[in-house]
J.: 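Take this structure, written in C-alpha cells, and hold onto it; I'll ask about it next.
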Amino acid sequence: MGTDISDIVVSHETSLKDQGNQTFSIDTYNILYQLLSNVRQYDGMPLMDSHGNVTSHLYGIFYRTINLLENKIRPVYVFDGKPSPLKNRTISERQLMKEKAKVELEEAIERGEEDLRQYYSRINYITPQIVNDTKKLLDYMGIPYVDAPSEGEAQASYMTRKNVDGVISQDYDCLLFGARKVLRNFAIYGRRKVPRKNIYKTVYPEYIILDEVLSANQINQDQLIGIGILVGTDFNEGIKGIGAKKALALIKKEGDIKAVLRRIGKDIENLDEIIDFFKNPPVVDYDFRFGKPDTDAIEHFLCDEHDFSRERIRDHLESLKKNNQASTQFRLDSFD
DNA sequence: CCTTTTAA
DNA sequence: TTAAAAGGG
C-alpha cells in the first residue's frame with residue numbers, strides 16, 4: 001500500500017502530547033483498514049453487535065478520537081471519494097488478494113486451525129454502512145469530517161497548505177501530495193503486528209516534515225514525486241529492482257524521472273497523468289468546525305443500537321465533553 | 001486497535 | 001507498581 005520511500009525519509013520520534021494544540025487531518029480510510037484488520041477477537045472475528053453488524057471501527061474511532069482530544073489534538077476526518085481510474089490496477093490487485101485470502105481462510109478452517117486472525121485480517125471491506133456509521137458517530141461527537149472528491153490522502157495533504165497542521169496517515173504518499181507534515185504511528189499504544197507473524201513490536205509515534213526530507217536529500221518536490229513513482233505508487237507499478245535509495249541517486253544524477261527512464265530504458269504507463277495527479281489532485285476547500293458532543297445520541301447509537309457497554313461509554317463521555325470544549329474554543333479564537 | 005483485568 | 005493477557009461488541 002502506498003509508496004515505500006521510508007529509506008530516504010527523515011522522521012522524528014514524538015508523542016501525542018508533544019503534538020498538542022494542533023489540528024490534523026486524518027486519512028480516515030487508512031485508519032478504518034487498520035481498525036478493521038486489528039480490532040479482533042481471539043478467533044479472528046471482528047467485534048460485532050447482536051444483529052451481526054461489524055463494530056470494530058466504531059470502537060476504534062470512538063476511543064482514538066477521545067485520545068487525540070485528551071492530548072489537545074484537533075482531528076478532522078477525511079473520507080475517500082471516487083477513486084481515480086489510474087488506481088484501477090491497484091484496486092483489482094487488492095480484490096484478488098482478498099479472494100486468495102478467503103480461499104486460504106477456508107483451508108485453515110478445514111484444517112481445524114484455531115487462530116484465524118491472520119486470515120481474517122486480510123479480508124476487510126469498507127462498506128457504505130461502515131462509512132455511514134463512522135460519519136454518524138463523528139457527527140454526534142462534534143468532530144468535523146470532509147468528503148474528498150477523490151483520494152482522501154490528497155485532500156488531507158492539501159489541507160496542510162490551508163487550515164490544518166499535518167496529516168495523520170501511515171502512507172508516505174502524503175508527502176508526494178505535498179503534505180507539509182505527516183504523523184505516523186499515532187496510536188497511543190505503540191503495538192504493531194509484524195506482518196504474517198504473531199509477534200508484536202513497539203513502534204513510536206513519529207512526525208515527518210516535508211521540507212526536511214527535501215533539503216536532507218537535496219531534491220525538490222518534483223524529484224520526490226519522481227522517486228515515488230520509480231519505487232511504485234497506488235497508480236503505477238514501479239521499476240523492478242529500484243528502491244528509494246537507488247531512485248534517489250538516479251534522480252539526482254539525471255535530474256528528473258523522464259531522464260532516468262530514458263537512461264535505464266524503461267517506460268511507465270500514464271506517466272504524465274500520474275505526475276499531474278500528485279501535483280494537482282482533485283480537492284475541495286473546506287471550512288470545518290468543531291461542535292458540542294451530543295452525549296445522549298452517542299450513548300443511544302453505541303449502547304442501544306450497537307451493544308456497547310453503557311458504563312464504559314459513559315466513563316469516556318465525560319472526557320469527551322471536557323476536551324472537545326477546547327476544540328470548540330479553538331474555532332472561536334481563530335476565526336473571530 | 002484500546003481498555004480492563006490478572007499475574008508477577 | 002508494572003507488564004502481560006484477556007476482553008471488547
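Numbers restart at 1 for each chain; the letters A, B, ... are given by sequence-line order, proteins then strands. Since the structure is predicted, the reported quantities are computational estimates derived from the model, not experimental observations.
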J.: Taking only heavy atoms on the protein side, list every residue of residues 301-319 of chain A lying under 4.0 Å from any atom of DNA chain C, sorted numerically.
T.: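 Result for residues 301-319 of chain A: A:H306, A:D307, A:F308, A:S309, A:R312, sorted by number.
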
J.: Could you list the donor-acceptor pairs under 3.5 angstrom formed between side-chain atoms of residues 254-264 of chain A and any protein atom two or more places apart in sequence or on another chain?
T.:
residue, atom, partner, partner atom, Å
A:E254, OE2, A:R263, NH1, 3.4
A:D256, OD1, A:K258, N, 3.0
A:D256, OD1, A:A259, N, 2.9
A:K258, NZ, A:D272, OD1, 2.7

J.: Could you tell me the separation between the CD1 atom of A:I130 and the P atom of C:dG9, rounded to a whole number of Å?
T.: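 Distance, rounded to whole Å: 17 Å.
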
J.: Taking donor-acceptor contacts at under 3.5 Å, does the side chain of A:Q41 reach the base of C:dG9?
T.: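 Yes, a donor-acceptor pair under 3.5 Å.
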
J.: Which whole-number value in Å describes the distance from A:Y42 OH to C:dG8 P?
T.: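 Going from A:Y42 (OH) to C:dG8 (P), I get 12 Å.
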
J.: Take atom CZ of A:R40 and atom P of C:dG8, then tell me their distance rounded to the nearest Å.
T.: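 Roughly 17 Å, once rounded to whole Å.
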
J.: Atom CG of A:L36 to atom C1' of C:dG8: distance rounded to whole Å?
T.: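 Rounded to the whole Å, the gap is 15 Å.
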
J.: Looking only at N and O atoms, is any donor in the side chain of A:Y63 or the base of C:dG8 less than 3.5 Å from an acceptor on the other one?
T.: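 It does not, because no donor-acceptor pair links the side chain of A:Y63 to the base of C:dG8 below 3.5 Å.
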
J.: Which one of A:L302, A:T295, A:L320 satisfies the side chain to side chain contact (heavy atoms under 4.5 Å, CB included) criterion with A:I313?
T.: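 The side chain to side chain contact (heavy atoms under 4.5 Å, CB included) with A:I313 is passed solely by A:L302 among A:L302, A:T295, A:L320.
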
J.: For A:N71 and B:dC2, give me the distance from atom CG to atom P, rounded to whole Å.
T.: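 My rounded result for the distance is 12 Å.
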
J.: Nearest whole Å is fine: how far is B:dC2 P from A:L47 CG?
T.: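 That distance rounds to 13 Å.
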
J.: What does A:F62 touch in the nucleic acid at a heavy-atom separation under 4.0 angstrom: a base, only the sugar-phosphate, or nothing?
T.: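 A:F62: no heavy atom of the nucleic acid under 4.0 Å.
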
J.: Taking any heavy-atom pair under 4.0 Å as a contact, classify A:R64: base, sugar-phosphate, or nothing.
T.: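 Since only primed, P, OP1 and OP2 atoms lie under 4.0 Å of A:R64, the category is sugar-phosphate.
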
J.: Identify the heavy atoms of A:V167 and A:A179 that sit nearest to each other, and give their distance.
T.: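 Scanning both residues completely, I find the closest heavy atoms to be CG2-CB, 3.9 Å.
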
J.: My understanding is that only residues two or more places apart in sequence, or in another chain, count here; which of them pass side-chain hydrogen bond (donor to acceptor under 3.5 Å, both in side chains) with A:D307?
T.: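 Listed in chain order: A:S50.
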
J.: Counting only heavy atoms from other residues, nucleotides and ligands, does the tally under 6.0 Å from CD of A:E269 exceed 12?
T.: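 At most 12 heavy atoms, drawn from other residues, nucleotides or ligands, come within 6.0 Å of this atom.
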
J.: Parallel, tilted or perpendicular: which fits the ring planes of A:F177 and A:F277, with parallel below 30° and perpendicular above 60°?
T.: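 Correct class here is perpendicular.
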
J.: Provide, to the nearest angstrom, the distance between the OH atom belonging to A:Y120 and the P atom belonging to C:dG9.
T.: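 That distance rounds to 20 Å.
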
J.: Find the distance A:L35:CG to C:dG8:P and express it as a whole number of Å.
T.: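 Going from CG in A:L35 over to P in C:dG8 covers 18 Å.
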
J.: If you define the side chain from C-beta out and look only at heavy atoms, does anything of A:Y119 sit under 4.5 Å from A:E106?
T.: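 Not touching, per the 4.5 Å side-chain cut-off.
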
